[in-house]
Amino acid sequence: MLKNLDNMNTERTNNNLVNEEFSRLSKYERAKAKVASIKSFYNHALVFLLINGILYFLRHKFVFILVNKNALGNPDFLDWINWNVFGTTIVWGFALAIHALIVFGNITGYMKRWEERQIQKYINSNQD
C-alpha cells in the first residue's frame with residue numbers, strides 16, 4: 001500500500017513538472033509569435049513608407065516631364081497618375097491600419113480601459 005502512495009506522489013510531482021514546463025514553453029512560444037508578428041508589422045510599415053515615398057517622388061518627376069510635353073496630348077493623364085498614386089496610398093494605408101489592429105491590439109480592451117479612466121476622471125472631478 002505504501003508503494004502505491006509513493007508512486008502516486010511521484011506521478012503527481014512529475015505531472016506538475018511537466019505541466020509547469022509545458023506552460024513555460026507555451027508562454028515562450030506565444031511571446032515569440034507575438035514578437036514575430038510585431039516585426040512583420042514593422043517590416044510592412046517600412047515597405048509602405050519606402051514604396052509610397054518613391055511613388056510620390058516619381059509622381060513629381062512624371063508631372064514635370066509630362067507638363068513639358070503637353071501631357072502626351074491628354075491632360076487627363078496627369079489626373080490618372082494622381083489617382084493611382086493617391087489611391088495606392090489610401091488602400092494600402094487601410095490595409096496597414098488593419099494589420100496594426102490585428103498585431104497591436106485588442107480594441108475592446110482598450111475601449112474598456114478608456115471608459116474606466118473617463119469614469120474615474122469624472123468621479124474625481126465631482127468629489128472636489
Side-chain angles (χ1 to χ4, degrees):
M1 180 91 176
L2 287 176
K3 288 183 181 180
N4 288 339
L5 290 176
D6 288 337
N7 286 340
M8 287 176 59
N9 286 338
T10 304
E11 286 176 12
R12 283 185 190 159
T13 303
N14 288 339
N15 285 339
N16 287 340
L17 290 174
V18 169
N19 287 338
E20 287 175 13
E21 183 69 17
F22 178 75
S23 176
R24 187 180 65 77
L25 287 176
S26 177
K27 286 180 184 178
Y28 175 77
E29 292 298 323
R30 285 190 307 245
K32 188 175 179 181
K34 182 69 175 177
V35 168
S37 67
I38 291 170
K39 182 180 176 185
S40 169
F41 171 76
Y42 287 149
N43 287 336
H44 187 183
L46 180 63
V47 170
F48 172 82
L49 291 173
L50 288 173
I51 296 296
N52 283 294
I54 291 170
L55 284 175
Y56 282 99
F57 175 75
L58 290 178
R59 178 182 152 262
H60 289 295
K61 290 288 187 184
F62 280 131
V63 168
F64 180 72
I65 291 168
L66 294 175
V67 167
N68 288 335
K69 295 182 180 179
N70 295 323
L72 299 176
N74 187 356
D76 293 333
F77 188 69
L78 291 176
D79 291 335
W80 180 82
I81 290 174
N82 286 337
W83 276 107
N84 280 306
V85 170
F86 295 133
T88 300
T89 302
I90 291 168
V91 171
W92 197 352
F94 280 126
L96 186 64
I98 290 169
H99 191 175
L101 288 174
I102 291 169
V103 170
F104 290 112
N106 184 355
I107 291 294
T108 57
Y110 174 78
M111 291 305 291
K112 280 185 177 183
R113 288 189 304 273
W114 178 82
E115 286 176 3
E116 290 298 322
R117 285 194 312 267
Q118 294 302 313
I119 290 169
Q120 287 301 319
K121 181 176 129 181
Y122 288 113
I123 288 173
N124 292 340
S125 67
N126 288 335
Q127 288 178 355
D128 294 336

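Predicted model only: the values in this text are computed from it and were never measured. Hydrogens, waters and symmetry mates are skipped; everything else that's a heavy atom, side chains included, is used.
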Quiz item: Does any non-hydrogen side-chain atom of V47 lie less than 4.5 Å from one of N43?
Solution: no
Quiz item: Between L55 and T88, is any pair of side-chain heavy atoms under 4.5 Å apart?
Solution: yes
Self-check item: Residues, nucleotides or ligands: over 12 heavy atoms within 6.0 Å of K39 NZ
Solution: no
Quiz item: When rounded to the nearest 0.5 angstrom, what is the spacing between OH in Y122 and CZ in R117?
Solution: 12.5 Å
Quiz item: Does the side chain of I123 reach to within under 4.5 Å of the side chain of Q120, using non-hydrogen atoms?
Solution: yes
Quiz item: More than 12 non-hydrogen atoms from neighbouring residues, nucleotides or ligands closer than 6.0 Å to OH on Y56, yes or no?
Solution: yes
Exercise. Give the minimum heavy-atom separation between T89 and F48, together with the two atoms involved.
Key: O-CE1, 3.8 Å
Quiz item: Is the H99 ring parallel, tilted or perpendicular to the F41 ring (thresholds 30°, 60°)?
Solution: perpendicular
